[in-house]
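Just so we're on the same page: letters track the sequence lines, and every chain starts at 1. Quick caveat: nothing in here was measured; it's all calculated off a predicted structure.
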Number of protein chains: 2
Amino acid sequence: MSKCEQCIIKQFNSLKSLTKEELVRISNCKTSHIIKKGTVIFEEGDAVNGVYCVKDGICKLSKLSENGKDQIVKMVVKGQLLGQRSLISNESSNLQATALNDMEVCFIPKSEIMADLQKNPKFSFDVLQDMAHDLKEADDIIVNMAQKSVRQRLAETLIYIHDSFGVNPDGTLSVLLSREDFANIVGTATESAIRVLSQFKKEGLISTIGKQIKIESLEGLKRIE
Amino acid sequence: MSKCEQCIIKQFNSLKSLTKEELVRISNCKTSHIIKKGTVIFEEGDAVNGVYCVKDGICKLSKLSENGKDQIVKMVVKGQLLGQRSLISNESSNLQATALNDMEVCFIPKSEIMADLQKNPKFSFDVLQDMAHDLKEADDIIVNMAQKSVRQRLAETLIYIHDSFGVNPDGTLSVLLSREDFANIVGTATESAIRVLSQFKKEGLISTIGKQIKIESLEGLKRIE
DNA sequence: AAGAAAACATGACAATTATCATATGATAAA
DNA sequence: TTTATCATATGATAATTGTCATGTTTTCTT
């Protein structure tokens, strides 16, 4: 099994602030997992007794609302940690995590992380900064949800996915989402999301190859008000 | 000037995890302020070089959107800390803070807080838990914004204010907000907020005394879908 | 106390978005 | 391969919400 001390993934998250000794200790108790696309990693209400370090793949964090819709709150990609919020609050998860494609993750048990949080202030501060960043992003999403139209939010979602997660060699977005996923990010009905995407296509802002989406005019999308 | 070591307010926030020595040090460099209702404490883009410990009063944290609306993201009340997120990210503020009534605050300079975050893991973990809690609340707001009607969101806002901030002796909500503030919390047009409140009144769910609101049927408000 | 300004209120209408119905293409299972 | 199921697509219509106009009340200022 590969070792945390040598893993390049840790460079991208708070684990980089751990000492070599701490990493060795974590390495000895972590477990590696392959998670198939569509698998629910944890559900709302589940006790999360560790964090997942995402070595490859993407998952969505979502929350069910009473009307049956599944609002996507955040996407976690390669390099990031999953489950840290619940771990710190010492509460069961308020979100569901679902793999959007095949994932490779390492699971680090709660006890290890907690021990390091207590002992290593640099690590703890790093996690704190991470959380502060997430909180800022969440604030921005609240404002967007409250003040912008479905059309604007969907345009911004496409831009966000493009800029944050990149494109395939053929220019299509590397994160493949269903129309329903788009609707659940934007917070609208699936039909509405489909309609707006169709319109973007008519306007030449995007093109589609099957369910793959390619952004044709980033500028055009940015100009939408 | 009163001393942090003896201040009861600190019991309600992360400052409770500081040692007596740390509190004495903070006490010596903190400054007390009275902030008048309506005063902007800091704006979007301002460098926040410290945290405010709220000894009395309430303020709103909001963010301007392009359409000129001012979305309220959070309210900070007596006992809580204000400005910790920006401080930790080491970024200028992403939100504006405005006093909703006369406030009494202590300002603690950044350098002091940062020093304690580095040295006192218990304090640092406490701040972390606070932030994790804020993040969870933000997630819930996102879901509400995305999936619920204005009517539902306004009902929930009334319940939230009632439960979190309490009522005056006559039963009216202790936090006095303008109709525009309600609209800016719910994320709707001021006229829409007014209309829904009028409807709640007609339905006997609330009553009003001037601009004061009294909840007549908490159960009724909870039942709204 | 009078006048000005702001907040509150409501009607009329327009724009946005959701819902229901239905059709078609894609994918998986038998 | 055929059927079944799901995702995508689009029309028709209803419901929700926003905008503009206008009037009233409250609050502030002088």
Checklist entry - What is the distance, rounded to the nearest whole Å, between atom CD1 of A:I224 and atom P of C:dT16? => result 13 Å
Item to check | salt bridge (charged side-chain N to carboxylate O under 4.0 Å, His left out) evaluation trace for A:R223 with A:E203 | outcome: CA-CA 13 Å; A:R223 252 182 275 116; A:E203 295 168 28; over 6 Å; no
Item to check | Side-chain N,O (B:S198) to OP1/OP2 (C:dT10) below 4.0 Å | outcome: yes
Item to check | A:S207 side chain to A:E216 side chain, donor-acceptor N/O pair below 3.5 angstrom | outcome: yes
Item to check | Length of the line joining B:L176:CG and D:dT26:C1', which is rounded to integer Å | outcome: 13 Å
Next on the checklist: Nearest heavy atom decides the nucleotide; on that basis, is B:G210 or A:L177 closer to the 5' end of DNA chain D?
Outcome noted: A:L177
Next on the checklist: How many whole angstroms separate atom CD1 of B:I209 from atom C1' of C:dA7?
Outcome noted: 18 Å
Checklist entry - Given atom CE of A:M145 and atom C1' of C:dT17, what is their separation to the nearest angstrom? => result 14 Å
Checklist entry - How far apart are the C-alpha atoms of A:T172 and A:K211, what are their side-chain angles, what is the distance that settles it, and do they pass the side-chain contact (heavy atoms from CB on, under 4.5 Å) test? => result CA-CA 10 Å; A:T172 57; A:K211 76 191 281 182; over 6 Å; no
Next on the checklist: Closer than 4.0 angstrom, basic N to acidic O: yes or no for B:K36 and B:D102?
Outcome noted: yes
Checklist entry - Below 4.0 angstrom, N of the basic side chain to O of the carboxylate: do B:E66 and A:K148 qualify? => result yes
Item to check | Below 4.0 Å: OP1/OP2 of C:dA7 and any side-chain N or O of B:T190 | outcome: no
Item to check | Stepwise side-chain contact (heavy atoms from CB on, under 4.5 Å) check, B:I113 with B:V127 | outcome: CA-CA 11 Å; B:I113 296 290; B:V127 175; over 6 Å; no
Checklist entry - Is there a side-chain polar atom (N or O) of B:K211 under 4.0 Å from OP1 or OP2 of C:dA7? => result no
Next on the checklist: Whole angstroms only, please: what is the CD-C1' distance between A:E180 and C:dA18?
Outcome noted: 15 Å
Checklist entry - Nearest-Å distance, CG (A:D181) to P (D:dC6)? => result 16 Å
Item to check | B:Q152 CD - C:dA18 P separation (whole Å) | outcome: 13 Å
Checklist entry - How close or far is atom C1' of D:dT27 from atom CD of B:Q212, stated in whole angstroms? => result 15 Å
Checklist outcome for this item: All heavy atoms of A:I41 vs all of A:M103, minimum pair found to be CD1-SD, 3.9 Å
Checklist entry - Which letters describe nucleotides 14-20 of chain D, given B = protein heavy atom under 4.0 Å from base, S = only from sugar-phosphate, - = neither? => result ---SBBB
